[in-house]
J.: 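Once you've had a glance at the structure underneath, I'll fire off some questions.
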Amino acid sequence: MSEKKTILKKRKDFLRVARGVHVVTTCVIVQAALNLSKKSNQWHVGYTATKKIGKAYVRNRSKRRLRAGVRQIFPQLALPNAEYVLISRHNTHYCPFALLLKDLKYALKKINEQLLGGKR
RNA sequence: AGAGGCGGCCGGACAGCUGCGCGGCAAAAAGUAAGAUUUGACUGUGAGGAAAGUCCGGGCUUUAUGGAAACAAGACACCGGAUAACUUCCGGCCGGAGGAAUCCGAGGGAAAGCGCCACAGAAAAUUACCGCCGAAAAUUUUUUCGGUAAGGUUGAAAAGGCGAGGUAAAAGCUCACCGCUGGGGCAGAAAUGUCACAGGCAAGGCAAGCCCUGUCUAAAGCAAGACCAAGUUAGGGUAAGGUUUAUCCUUAGUGGAGCGUUUUCACUCCGGCCCAGGAGGUAGGUCGCAAGAGCGGUUUGGCAACAAUCCGCCAAGAUGAAUAGCUGUCGCGGAUAUCUUUGCUUGCAAAGCAAUAUCUGUCACAAAACCCGGCUUAUAGGUCGCCUUAAAUU
RNA sequence: GGAGAGAUGGCAGAGUGGUCUAAUGCGGCAGACUCGAAAUCUGUUGUACGGUUUUCCGUACCUAGGGUUCAAAUCCCUAUCUCUCCG
């Protein structure tokens, strides 16, 4: 499966997900929402880095690291039919990668519970 | 040796796995206004010395028909050279810092003119308060007139400095030395240096105040711009001007228009025709966009910057923006442990350094966005070459 | 990516070479008025270092570092940060 098809790019999508639930950790903030309108059962991910965390290179690098983390974790843990947005924080571009993975796992588990709970 | 100065180079290395951008190759499905797109146990390639700040100079593009002169605005400024160009670079001069190597300097003009120089001080640029000296008057220590700028006070700065002569008191008034100015000789391509001569001191500072002299400069920027072009809009192009905004009117080579302003010279265009399969151009796409003032070397010329010549090489091209993650070995930095073993320092104890073992690491500054030449700023650590050597240490 | 503007006390904001923390307003503190509060009125109020150790005095600081000048918040250069505009 190509990675490209799973990426959110439109502003509209980001705004919709921002209305959903969110979880904050030291390295990353995760927002998520279920999307029932789309036919496919594939999960989607968007990446965000504000100007606050640094210059262009720092923002790009942060998003890149988040992408590397997503590749390892999401195939096992992500809910199908859900949309996630990962927001970089100011330590995302230099924190140890193991910590980043740990935070992602934790946030994903917690946010999935909230999503399923909210559904009922 | 140590200390100091100048310049060059490197900017962790190698291997493996997963993943990303671009190019090539192969395959796939769909068929679009156009460009596309997707897949790959295929393949090639992928950040810097500052890519940064955007402070200068160019190329390139658009606007503008080209040249000349004046004005306006701005920039620069010792001399010579280099360069596409520069406020850059190289060599030299002068001034300053240092013991030296060496480093630093926006370094034209204040006798073209205007302006400013607070406070203090008599006076801040044709000056005289206190003084000093002489004369006259009055008179018991004052006034008036004249000479003078040695001495005093202020200040950032006070009209050549110092000594001697001179005088009523003084003064370049005169003289020696130093400084200054002038024209001349010599050296040099020049800035400038130097030599003797003469003048006889005659006008302080600020031009990063206005300004003067000389030289140079059109403006904006790849979000420049060119092309294709869904939707949508309704006439458009080819001269100028006018209004009532109508494909209307007026003018037409003895006229009008042509982009900082004015003048001038040359040049070009202009009185009806063309197009509905046409025009404009939004979303979107393609190009601009990677062979260049290119990079690495050879030889020749030059003190050098640099130029010429020959040989070899092709080295990122994104646009919601590619280089990431992990593992191993070595390197580097940091921490801890052990003197059991080995080496070194010390007379010994004790301790330290190296070695060894273990653990650990945002591994300096920093990330291309049209491209080059500079400048400026940031930068852990390593390495090479040349030069100086006063003091301190060995 | 490109173009431009700005930075002054706790906050806003004058001051464009001259004696100087630097007008004014808001704020803070103290006092008056009030039973108490608000409003009003009056006074006061920056930081750091050094001397002194209550007071008081001196020096430095107008984003930072240099330069020009006798003298710089002001003129010139460099850097840092903030803001605005350009599809």
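What you see is a predicted model, and the numbers here were worked out from it, not measured in a lab. Chain identifiers are assigned alphabetically (A, B, ...) following the order of the sequence lines, protein sequences preceding nucleic acid strands; residue numbering begins at 1 within each chain.
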J.: Quote, to the nearest angstrom, the C1' distance that separates B:G374 from B:G260.
T.: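 Comparing C1' positions in B:G374 and B:G260 gives a spacing of 31 Å.
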J.: Which one is paired to C:U68, where only Watson-Crick or G-U wobble pairs with both distances under 3.5 angstrom count?
T.: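 The base-pairing partner of C:U68, which may sit in any strand shown, does not exist here.
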J.: Given that both distances must come in under 3.5 Å, which nucleotide forms a Watson-Crick or G-U wobble pair with B:G260?
T.: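 Base partner found: B:C71.
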J.: Rounded to the nearest 0.5 Å, what separation is found between the NZ atom of A:Lys109 and the CG atom of A:Leu104?
T.: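 Rounded to the nearest 0.5 Å, the NZ-CG separation comes out at 12.0 Å.
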J.: Is B:A324 syn or anti, taking syn as a glycosidic angle within 90° of 0?
T.: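 This nucleotide is in anti.
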J.: Please step through side chain to side chain contact (heavy atoms under 4.5 Å, CB included) for the pair A:Val30 and A:Tyr106, ending with a clear verdict.
T.: CA-CA 10 Å; A:Val30 182; A:Tyr106 167 79; over 6 Å; no
J.: Write down the distance separating the P atoms in B:G35 and B:U286, rounded off to the nearest Å.
T.: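 It works out to 10 Å between them.
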J.: Does B:A324 have a Watson-Crick or wobble partner in any strand here, with both distances under 3.5 angstrom, and which is it?
T.: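 Paired with B:U18.
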J.: Nearest 0.5 Å, please: how far is CD1 in A:Ile87 from CD in A:Gln31?
T.: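 Going from CD on A:Gln31 over to CD1 on A:Ile87, the span is 4.0 Å.
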J.: Taking any strand in view, what nucleotide pairs with B:A13 in a Watson-Crick or G-U wobble way, both distances under 3.5 Å?
T.: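 Partner of B:A13: B:U329.
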J.: What is the base-pairing partner of B:C76, counting Watson-Crick and G-U wobble geometry with both distances under 3.5 Å?
T.: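 Its partner is B:G214 (Watson-Crick or G-U wobble, both distances under 3.5 Å).
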J.: Can you tell me the pairing partner of B:A52 across any strand shown, Watson-Crick or G-U wobble, with both distances under 3.5 angstrom?
T.: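 Matched B:A52 with B:U376 under the 3.5 Å cut-off.
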J.: Can you tell me, in whole Å, how much space there is between the P of C:G4 and that of B:A219?
T.: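 Those two atoms are separated by 13 Å.
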J.: Using O4'-C1'-N9-C4 for purines and O4'-C1'-N1-C2 for pyrimidines, with syn meaning within 90° of 0, is B:G81 syn or anti?
T.: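 Anti.
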J.: Would you classify B:A315 as syn or anti? Syn applies when the glycosidic angle is within 90° of 0.
T.: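 Here B:A315 takes the syn form, which means its glycosidic angle is within 90° of 0.
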J.: Write down the distance between CG (A:Leu86) and P (B:A324), rounded to a whole number of angstrom.
T.: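 In whole Å, B:A324 P lies 20 Å from A:Leu86 CG.
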J.: How far does the C1' atom of C:G1 sit from the matching atom of C:G10, given to the nearest Å?
T.: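 Result for the C1' pair: 39 Å, nearest Å.
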J.: What's the CG-P distance between A:Leu66 and B:C20, to the nearest Å?
T.: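 For the pair A:Leu66 CG and B:C20 P, the rounded distance is 17 Å.
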J.: Roughly how far apart, to the nearest Å, are B:G284 and B:A229 at atom C1'?
T.: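 Pairwise C1' distance, B:G284 against B:A229, rounds to 8 Å.
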J.: Taking the chi torsion of B:G49, is it syn (within 90° of 0) or anti (everything else)?
T.: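 Chi for B:G49 falls in the syn range.
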J.: For B:A84, what is the paired nucleotide under Watson-Crick or G-U wobble rules, both distances under 3.5 Å?
T.: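 Looking at the geometry, B:A84 pairs with no nucleotide.
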J.: Can you tell me, in whole Å, how much space there is between the P of B:U262 and that of B:A118?
T.: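 Comparing P positions in B:U262 and B:A118 gives a spacing of 48 Å.
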J.: Would you compute the distance between atom CG of A:Leu108 and atom NZ of A:Lys110 and round it to the nearest 0.5 angstrom?
T.: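 Between atom CG of A:Leu108 and atom NZ of A:Lys110 there are 13.0 Å.
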J.: Write down the distance separating the C1' atoms in B:C222 and B:A318, rounded off to the nearest Å.
T.: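 The same atom, C1', in both gives a distance of 15 Å.
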J.: Find the partner of B:A351: check Watson-Crick (N1-N3 plus N6-O4 or O6-N4) and G-U wobble (N1-O2, O6-N3) distances, both under 3.5 Å, and reply none if neither fits.
T.: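 Partner of B:A351: B:U345.
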J.: Rounding to the closest angstrom, what is the interatomic distance between B:A321 and B:A368 at atom C1'?
T.: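 Rounded to whole Å, the distance is 11 Å.
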